[in-house]
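A short worksheet on the structure shown next.
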Amino acid sequence: MRAAALYSAAGSLLLTTLAAAPATGAPGAVEPAGTALAAAHARAKGIDFGKCPDAEDMPGTMECGTVSVPLDYAHPDGKQIRLTVSRARATHKDPHNSKRRVPRQGSLVYNPGGPGASGLYFPLIGLLPEWKRIASAYDLVGYAPRGVDKSAPLSCVDPKRFFKGPSQSPTHPSESYKKERVAQAKAYARGCAKRSGSKLRFYNSLNNARDLDVLRAALGEDRLTFMGASYGTYFGALYATLFPSHVRRMVFDSAVNPDPEQIWYRNNLDQSAAFESRWADLREWIAKHDDVYGLGNTAEKVLRSYEKASARLAEKPAGGKVGPAQLQGAFLSAGYYDDYWPHTAAALSAYLKGNPKLLVRQAGATPGAAVEAENGNAVYTAVECNDAAWPTEWSVWDRDNTRLARVAPFETWDNVWMNLPCAYWPEPRQQPLDVRTGPGELPPVLIMAAERDAATPYDGALELQRRLSDSVLVTERDAGTHGIAGGSNKCVNGYLDAYLLEGRLPERHAACAPHAEPKAARPGSK
């Protein structure tokens with residue numbers, strides 16, 4: 001999710017009125033009945049798990065199958081699509097007591113976000129020490145949502161033409177550059193319609209939530225235990241609103257702001273604003289390790305080193321592959337995960353010292369990944385464009401983002417180009433569901449968030465907690481990694497284990513100290 005309130009050092013920025021495209025109504029009585037029918041069919045049929053298609057890449061403990069869901073829940077007996085599902089059965093092994101057999105608690109279904117990301121490899125996480133207690137009690141279940149990977153994949157452009165590089169990334173683009181990108185956005189939207197046809201409108205978050213209920217039934221579960229990260233928290237929250245009695249336990253890790261007014265245009269503005277702070281965190285860390293990287297001993301000096309590299313790449317791309325946009329992409333990834341900080345800083349340092357190999361390896365496009373990348377981008381675009389109204393006038397986008405870029409130049413315009421096809425989207429838009437549950441309607445759920453997360457700013461976790469009655473929020477203070485459950489913070493993992501394994505939650509709100517900062521590493525060091 002590219003997502004948020006716009007803040008500057010001087011105060012909040014004013015957001016212009018959203019010029020809404022026509023939106024379809026909120027879900028009525030037809031889709032719930034269709035979901036119930038599809039779930040009943042799925043429960044009767046189950047999932048025939050067997051060897052995974054890519055078994056050579058997977059341990060033998062993981063198995064795969066498919067579940068059929070309606071393309072259109074208003075016509076549940078119409079066209080069906082198959083979702084690919086993966087599973088690793090509960091081990092029953094207590095990692096702290098080899099003599100104790102752990103009872104199975106059912107299936108834990110996971111979604112990693114996106115939209116457009118696949119969770120098929122999730123069951124392998126049970127091999128990690130931090131996850132072995134959970135893996136002992138739960139079948140770990142991942143799946144590729146509709147449109148993703150082998151699950152009726154979407155496409156908007158020939159994958160051979162998807163990677164465009166080297167390319168520019170101006171923080172204050174010229175009018176001619178903007179005009180060029182507007183034309184590209186229009187062409188991309190047309191390509192989605194041409195390559196996907198009439199099915200395109202059915203790839204949206206409400207259908208992702210309905211698919212989740214069909215998957216629950218196919219797994220033989222009366223109530224769902226689910227963990228969603230990033231975008232997975234949004235359609236997980238839709239699920240909680242649509243099917244509260246079907247919920248057993250839910251974990252929302254790095255929560256999207258579910259306010260209907262935020263979906264998705266405002267959320268993406270907020271995300272661009274938040275990345276500016278995270279970019280500053282990264283530069284301050286690099287400056288602290290100037291003895292290792294030599295990029296400057298202040299955040300401002302590190303910025304000058306970055307801008308020097310960007311200007312040099314604009315003149316002569318590294319390896320013929322890496323221009324300013326690819327450099328920005330590498331540092332944007334580091335804004336998501338501070339584990340990336342050491343090798344990203346090392347690549348920039350080596351490049352400025354005359355060795356571009358690390359930068360090319362990290363930031364250059366990988367041709368073998370083109371199909372997966374194009375598919376993920378197509379699903380991301382379709383879901384977000386279908387979910388809600390977007391401004392349809394370029395002047396609105398231009399005005400809002402020109403204002404924002406004055407105080408948050410790092411990510412603002414690249415986020416615009418990512419989402420601009422939604423201004424010219426050919427399909428009708430959904431009206432976002434008002435995520436909300438009252439006291440006693442939903443079992444207590446767990447929300448987890450890092451205070452300085454830029455991809456899903458912390459206000460989203462606070463808003464989700466306000467809307468889901470009896471929910472509990474665990475905050476990792478003064479940290480910004482996107483996705484904190486099952487990571488390196490033992491305090492966070494303690495709350496996760498207590499909830500999933502025992503159903504125990506703290507009062508309303510709990511906090512953990514930040515995980516340790518990454519250690520600086522020189523290029524080539526282990």
Side-chain angles (χ1 to χ4, degrees), residues 39 85 87-92 102-113 119 122-123 125-126 130-143 208-209 211-256 258 435-449 461 464-465 467-475 483-487 491-510:
V85 185
R87 179 180 69 178
R89 293 181 182 273
T91 67
H92 301 289
V102 178
R104 179 182 178 274
Q105 293 197 39
S107 299
L108 171 61
V109 180
Y110 178 77
N111 178 269
F122 167 70
I125 207 166
E130 295 85 355
W131 285 85
K132 285 191 174 182
R133 290 191 66 205
I134 294 172
S136 71
Y138 286 95
D139 295 347
L140 301 182
V141 176
Y143 71 109
N208 282 337
D211 290 347
L212 189 57
D213 201 52
V214 177
L215 175 57
R216 170 199 60 78
L219 291 167
E221 303 289 352
D222 293 330
R223 294 191 299 157
L224 175 72
T225 302
F226 174 76
M227 182 172 176
S230 192
Y231 165 72
T233 69
Y234 178 59
F235 79 82
L238 296 180
Y239 185 94
T241 303
L242 292 169
F243 310 104
S245 64
H246 296 184
V247 172
R248 178 178 178 266
R249 292 173 191 160
M250 298 190 92
V251 179
F252 299 92
D253 183 15
S254 302
V256 170
V435 168
R436 197 177 301 276
T437 61
E441 291 180 5
L442 180 72
V445 300
L446 176 61
I447 303 168
M448 314 191 92
L464 181 60
Q465 186 182 29
R467 288 170 171 270
L468 297 182
S469 185
D470 304 320
S471 59
V472 171
L473 173 60
V474 172
T475 300
I484 63 174
C491 172
V492 170
N493 293 340
Y495 286 114
L496 178 68
D497 286 359
Y499 176 62
L500 286 179
L501 297 174
E502 304 168 35
R504 287 192 295 112
L505 284 170
E507 295 295 326
R508 225 23 215 162
H509 199 165

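Since the model is a prediction, treat every value here as computed from it, not as a measurement.
- Residues that satisfy the side-chain contact (heavy atoms from CB on, under 4.5 Å) test with Arg104, not counting sequence neighbours, are Ala90, His92, Ser107, Asp139, Glu221.
- Residues satisfying the ring-ring contact (aromatic ring centres under 6.0 Å, His included) test with Tyr499, not counting sequence neighbours, are none.
- The list of salt bridge (Lys or Arg N to Asp or Glu O under 4.0 Å) pairs with a residue in residues 435-449, not counting sequence neighbours, reads Asp434-Arg436.
- For the atom pair CZ (Arg216) and CZ (Phe243), the distance works out to 8.5 Å, reported to the nearest 0.5 Å.
- Considering all non-hydrogen atoms of both residues, Asn493 and Ala485 come closest at OD1-C, 4.0 Å.
- The ring-ring contact (aromatic ring centres under 6.0 Å, His included) test applied to Phe122 returns Tyr110, Trp131, not counting sequence neighbours.
- Considering only residues two or more places apart in sequence or on other chains, Thr475 meets the side-chain contact (heavy atoms from CB on, under 4.5 Å) condition with Glu451, Tyr458, Leu473, Arg477, His509.
- Applying the ring-ring contact (aromatic ring centres under 6.0 Å, His included) test to Tyr143 and every residue at least two apart in sequence or in another chain returns nothing.
- Closest approach of Ser230 to Pro112, counting heavy atoms only: CB-O, 4.4 Å.
- Leu500 has its side chain within reach of Ile134: a pair of non-hydrogen atoms, C-beta onward, lies under 4.5 Å apart.
- Counting heavy atoms from C-beta on, the side chains of Phe252 and Leu446 never come closer than 4.5 Å.
- When all heavy atoms of Leu464 and Ala255 are compared, the pair lying nearest together is CD2-CB, 3.7 Å.
- Among residues two or more places apart in sequence or in another chain, the ring-ring contact (aromatic ring centres under 6.0 Å, His included) test is passed with Tyr234 by Trp264.
- Counting only heavy atoms from C-beta outward, the side chains of Met227 and Met250 never approach each other to under 4.5 Å.
- Looking only at side-chain heavy atoms (C-beta outward), Leu108 and Val141 stay at 4.5 Å or farther from each other.
- Residues passing the side-chain contact (heavy atoms from CB on, under 4.5 Å) test with Ala88 are Pro123, sequence neighbours excluded.
- Listed for the Asn111 side chain is no donor-acceptor partner under 3.5 Å among the backbone atoms of Gly228.
- At least one donor-acceptor pair under 3.5 Å links the side chain of Thr437 to the backbone N or O of Ser469.
- Across Ser136 and Val102, no two heavy atoms sit closer than the pair OG-CG1, 3.5 Å.
- Residue Pro443 comes nearest to Pro244 through the heavy atom pair CD-O, 3.8 Å, listed as atom of the first residue, atom of the second, then distance.
- Without hydrogens or angle criteria, Arg508 side chain to Val472 main chain gives no donor-acceptor distance under 3.5 Å.
- Contact annotation: the side chain of Leu140 never approaches that of Arg87 to less than 4.5 Å [non-hydrogen atoms, C-beta and beyond].
- Across every non-hydrogen atom of Val474 and Pro506, the tightest pair is CG2-CG, 4.4 Å.
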Verdict with supporting geometry, Asp213 and Leu224, side-chain contact (heavy atoms from CB on, under 4.5 Å):
CA-CA 8 Å; Asp213 201 52; Leu224 175 72; over 6 Å; no
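- Without hydrogens or angle criteria, Asp253 side chain to Ile484 main chain gives a donor-acceptor distance under 3.5 Å.
- Between Leu442 and Asp470, the closest side-chain pair of non-hydrogen atoms is not below 4.5 Å.
- No donor-acceptor pair closer than 3.5 Å links the side chain of Thr233 to the backbone N or O of Ala229.
- Applying the side chain to side chain donor-acceptor pair (under 3.5 Å) test to Arg223 and every residue at least two apart in sequence or in another chain returns nothing.
- Summarising the geometry, atom CZ belonging to Phe235 is positioned 5.5 Å from atom CG belonging to Leu212; distances are rounded to the nearest 0.5 Å.
- Residues Val109 and Thr225 are not in side-chain contact: their nearest non-hydrogen atoms beyond the backbone lie 4.5 Å or more apart.
- Among residue pairs with one or both ends in residues 491-500, those qualifying as salt bridge (Lys or Arg N to Asp or Glu O under 4.0 Å) are Arg133-Asp497; sequence neighbours excluded.
- Every side chain to side chain donor-acceptor pair (under 3.5 Å) that Asn208 has, sequence neighbours left out, goes to Tyr231.
- In this structure Gln105 satisfies the side chain to side chain donor-acceptor pair (under 3.5 Å) test together with Tyr138, Arg248, Arg249, sequence neighbours excluded.
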